[in-house]
Amino acid sequence: MNLIIPPEPLMLKKQSTEQKGREWDIDSLALWFGNRLPTYLWNDAGWSKPLKAEGYNWQSFLKILSLHKKEMIRWSRNALSWKEFLLKIQDTIKDPVFKTVLLRQDKREAIIDG
C-alpha cells in the first residue's frame, strides 16, 4: 500500500495552536475537534482509497489515529516533523498484527450493530 505524504496542513496546525492550552487533553481535543486532521488525511490527502482497498474504513482509521495522539500533539508543538508523524501512522497501518486485530474487531462490531 502506498500512502502519499500530503502537504502539511499548516492552517489546521495554526488553529490547534490558537485553541489549545498546555494540558495534553486540551491539545488532543483541539486537534480532534471536528475530526479536521483525520478528515484531511482521509479525504483531501486521498488516503481513503488505498486504505479501503486494504479493508480499513473511517472508523478503523480513527482508531489508528487515536493511537498516535501523543505524536499528533508533538507535531502540533513542532517537536515532530509532519513526515515523521505520518510515517509513524503508516507503520501502524502496515503492522500485520495490528491490522488483523483491528479488522476482526470491526467485523465483530458490524455483526453486533447489524
Parallel, tilted or perpendicular, judged at 30° and 60°: which one describes the rings of Trp42 and Trp58? perpendicular
About how many Å separate [atom2] of [Y] and [atom1] of [X], when rounded to the nearest 0.5 Å?
{"X": "Ile5", "Y": "Leu41", "atom1": "CD1", "atom2": "CG", "answer": "9.5 Å"}
{"X": "Tyr56", "Y": "Ser48", "atom1": "OH", "atom2": "OG", "answer": "14.5 Å"}
{"X": "Ser76", "Y": "Glu71", "atom1": "OG", "atom2": "CD", "answer": "12.0 Å"}

Does a side-chain heavy-atom distance below 4.5 Å link Asp44 with Pro6? no
Considering only heavy atoms from C-beta outward, does the side chain of Pro7 approach that of Tyr40 to under 4.5 Å? yes
Main-chain N/O of Ile4 paired with Trp47 side-chain donor or acceptor, under 3.5 Å: yes
When you measure from the side chain of Glu54 to the backbone of Leu51, do you find a donor-acceptor pair of N or O atoms at a distance under 3.5 Å? no
Who pairs with Glu8 by side chain to side chain contact (heavy atoms under 4.5 Å, CB included), at least two apart in sequence or on another chain? Leu10, Lys13, Trp75, Trp82
Let me have the donor-acceptor pairs involving side chains of residues 85-98, under 3.5 Å, with sequence neighbours excluded, atom names and distances please.
unit_1: Gln90; atom_1: NE2; unit_2: Leu3; atom_2: O; d: 3.4
unit_1: Thr92; atom_1: OG1; unit_2: His68; atom_2: NE2; d: 2.6
unit_1: Thr92; atom_1: OG1; unit_2: Lys88; atom_2: O; d: 3.3
unit_1: Asp95; atom_1: OD1; unit_2: Val97; atom_2: N; d: 2.8
unit_1: Asp95; atom_1: OD1; unit_2: Phe98; atom_2: N; d: 3.0

List the residues meeting side chain to side chain donor-acceptor pair (under 3.5 Å) with Thr39, not counting sequence neighbours, and say none if there are none. none
